S.K.: 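Provided herewith is a single structure, encoded as structure tokens, for subsequent inquiry.
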Amino acid sequence: MGNVIKIAIRNLMRYKRRTFLTSLLITVGVVAVILFSGLSGSFKAMMIGQITDSNLAQMQIHKKGYVSSIDSMPLDLNLNQKAYAGVENILKEHPEIEAYAPRIKLGGMLSNFTETTSIRLNAVDPAREVKVCPAIEERIKSKNGGKRSGLIKEGEIIIPEKLAKGMMIKEGDTVVIVAHNREGSVNGLNFSVGGIIEDLLGPQGKEGIIHINDARALLRVEEKEVTEVAIRVTKFSRLDAVFAGLAPKLHEFRNPKGKAVFEIHTWEKLSPFVNIANMIDLMTISMKIIMIAIVLISILNVMMMSVYERVREIGTMAALGTLPGKIMALFVVEGLFLGLISAVVGNLIGLAGIYLLNVYQIRFSFGRMDNLLLSPEVGFADLYWVSGIVVLVSVLASLQPAYKASRMEPVDALGHV
Amino acid sequence: MSLVIAKDLSKTYVSGGVEVKALKGLNFEIEPASFISFVGPSGSGKTTLLNLIGCLDKPTRGQLVVAGRQVNDLSRKEAAAFRGQALGFIFQAFNLFPVLTAFENIEYPLVMIKSENKSNRKERVLKALEAVGMLEQKDKYPDHLSGGQKQRVAVARALVIQPKLVLADEPTANLDQKTALNVIRLMRDMRDEFGTTFIFSTHDPRVMDEAEVTHTLVDGMLISSETASAGGGANG
Ligand SMILES: Nc1ncnc2c1ncn2[C@@H]1O[C@H](COP(=O)(O)OP(=O)(O)OP(=O)(O)O)[C@@H](O)[C@H]1O
Ligand SMILES: [Mg+2]
């Protein structure tokens, strides 16, 4: 085998320019895939992080049917105290759940005494909420140097940025929230504006925040009912597994009519960003397919040329008694090494590119969010995958020309000039 | 027993619906350790015959025994294995592998065809290089060798597997007169030294004279077989 490799490599070196150009083409493909998946992967991870850590949480539990009518924020689909206790029992004993937080979602009217507009509110238990959405406080802009004590206090409201701008509401102002409860009776409460919160992508990204106790007072509910339970798991990569474990347990709860009481969703079902994430995945796959096509076509082309140019040499090898399998191996190994060298060089350049992107940090804005920092990274699994595919495709592309070489009749091949 | 036995050996090519009778029922025998030439005008069937003896092609009719083996109906793979085992080849255009040095070209059959171990290989290659007088050029690539030097390396490559028979179709056609004679004499020395049978074809009268037995082909038929007078044409 050592000699087969030696001869294959020398033959590659023989047509230096051609080998170099082919290798360059494949290398460019590999680098493009590595950089693109590094960038898009980190963009995706960052966006998902933003969404799950500062707004949605990773999973949410509601009363069955809530999510499909989420836009109207129906109060009659709240979970009562008993149901919430049932959920808590399941979540408390689950080792992979880091934190959970109760929320009440309500719609109301916001007035600054000159103007009135509708507002969607997320009423939270601040101590629990920050454990489920650890980045939520980063979204809140506050005058006094940004440092706030706790997410929210009773009597405070945090206003979404656009609303605040439109109504010229500033931190420290007093506003009134008027809401009507399930029974239809209207109630109002004064709030002091504790901060302004950046908007995020999606319907739940433009909610104001109040304390959960204020929401209960506003809605005049005696019971500790909640609209949703937001959940954070200990390891994000285990999210789907935890979800799969929780779903059947929650499904066991039935109402007197025998219907399921709860529904549970991961962020993917709750955020429109999942479509963008899927698009990114699709683009990454497309890049990989293009790379595979580049490798396939360029290796096939080069190997076909090599076989054609070396007909007489192939004839000589065959005449001297080289078995067809060995002749085939020579050409396959040649294609393999062409792919392998390109893959290795591509990996090195790709890694260097990723490193440079991290050194010269890229900032960008997406929607209302700006100054986002991308820190692209690639896993070794990705590198192995890309290299493996390149080598595999190189071998596959070499098979046909190599087979052709091995089937040549020595008499015909020797007569070839 | 004779090394090559041909009985009623015939080869007919069919190309484009036209039959060409390249060999028409040849009968001959070739003894071990002999130095044989096939001569004749262009198109008389020399290459065709050498291809048959070299198991590169199959006869259409007749019997052919080479080195004790009936070779009429060998499969592709069997023929390849047999060639690698028992036959050596020298070509008109030298056909050295351009990516291998002289040493590596000679080593080729020992690694790619027979799997000889490394120290054995080296010893045999060096011996072959020395026998053809190319020891000093052993690390040169074919591009840096003259025609005569290339053919010497090719002779060494043919001999390194210690074949029973070496076939050379017009081995001197690409060489000038003086070099041609040198190469033929080298082949003859090799026969003397190792007892290998050489069969070559040629157009060149001066080269012909070096053969011990000269078979003349005309139009696919063997018209004469002459044995040179003892010592005739032999080098000193
Ligand atoms: N592959 C082939 N297909 C058809 N006819 C062929 C083929 N090879 C050889 N012939 C014919 O067979 C006859 C013998 O050819 P061959 O090459 O054996 O002659 P030769 O004695 O070697 O000639 P030269 O001295 O020119 O090399 C010629 O008529 C030639 O045209
Ligand atoms: Mg000929």
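Not measured: the values here are computed from a predicted model. Chain naming here is simple, since letters A, B, ... match the order of the sequence lines and numbering starts at 1 in each.
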S.K.: What part of A93(B) is in contact with chain A, defined as an atom under 4.5 angstrom from a non-hydrogen atom: side chain, backbone, both or neither?
M.R.: both

S.K.: Counting only heavy atoms not in H144(B), do more than 12 fall under 6.0 Å of its NE2?
M.R.: no

S.K.: Under a 4.5 Å heavy-atom cutoff, which of K77(B), Q85(B), R157(B) has the most pairs with chain A?
M.R.: R157(B)

S.K.: Can you tell me if CE on M305(A) sees more than 12 non-hydrogen neighbours from other groups inside 6.0 Å?
M.R.: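 Check passes, neighbour count above 12.
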
S.K.: Do L414(A) and D169(B) have side chains that get closer than 4.5 Å, going by heavy atoms?
M.R.: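 They are not in contact (no side-chain heavy atoms under 4.5 Å apart), so the answer is no.
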
S.K.: Would you say that more than 12 heavy atoms from the other residues, nucleotides or ligands in this model lie under 6.0 Å from the CD of E377(A), or not?
M.R.: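 Atom CD in E377(A) is not crowded, with 12 or fewer foreign heavy atoms closer than 6.0 Å.
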
S.K.: Would you say that more than 12 heavy atoms from the other residues, nucleotides or ligands in this model lie under 6.0 Å from the NZ of K21(B), or not?
M.R.: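 It does not: K21(B) NZ has 12 such atoms or fewer within range.
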
S.K.: CZ of F194(B): more than 12 outside heavy atoms within 6.0 angstrom?
M.R.: yes

S.K.: Around atom NZ of K164(B), are there more than 12 heavy atoms of other residues, nucleotides or ligands at under 6.0 Å?
M.R.: no

S.K.: Give the C-alpha distance, both sets of side-chain angles, the deciding distance and a yes or no for side chain to side chain contact (heavy atoms under 4.5 Å, CB included) between V111(B) and K6(A).
M.R.: CA-CA 12 Å; V111(B) 282; K6(A) 176 178 85 182; over 6 Å; no

S.K.: Which of residues 384-408 of chain A have a heavy atom under 4.5 Å from any heavy atom of chain B?
M.R.: S406(A), R407(A), M408(A)

S.K.: Taking the side chain as C-beta and beyond, is there a heavy-atom pair between V4(A) and M112(B) under 4.5 Å?
M.R.: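 With C-beta onward as the side chain, the pair touches.
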
S.K.: Would one find more than 12 heavy atoms of other residues, nucleotides or ligands at under 6.0 Å from atom CD of E130(B)?
M.R.: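 Atom CD in E130(B) is not crowded, with 12 or fewer foreign heavy atoms closer than 6.0 Å.
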
S.K.: So what's closer than 4.5 Å to chain A heavy atoms on F91(B): side chain, backbone, both or neither?
M.R.: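 For F91(B), the contact with chain A is made by the side chain alone.
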
S.K.: Select one option (side chain, backbone, both, neither) describing which atoms of Y141(B) are under 4.5 Å from chain A's heavy atoms.
M.R.: side chain

S.K.: Sub-4.5 Å heavy-atom contacts with chain B: which residues of residues 286-295 of chain A show up?
M.R.: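 Interface residues of residues 286-295 of chain A: none, nothing closer than 4.5 Å to chain B.
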
S.K.: So which part of D57(B) gets closer than 4.5 Å to some heavy atom of chain A, the side chain, the backbone, both or neither?
M.R.: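 Both backbone and side chain.
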
S.K.: More than 12 foreign heavy atoms under 6.0 Å from CZ of F20(A): is that the case here?
M.R.: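 Atom CZ in F20(A) is not packed in, count stays at 12 or less.
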
S.K.: Does anything in residues 317-326 of chain A get under 4.5 Å of chain B by heavy atoms, and if so which residues?
M.R.: M317(A), A318(A), A319(A), L320(A), G321(A), T322(A), L323(A), P324(A), K326(A)

S.K.: Quick check on the structure: residues of residues 96-108 of chain B within a heavy-atom distance below 4.5 Å of chain A, by number.
M.R.: F97(B), P98(B), V99(B), L100(B), T101(B), E104(B), E107(B), Y108(B)

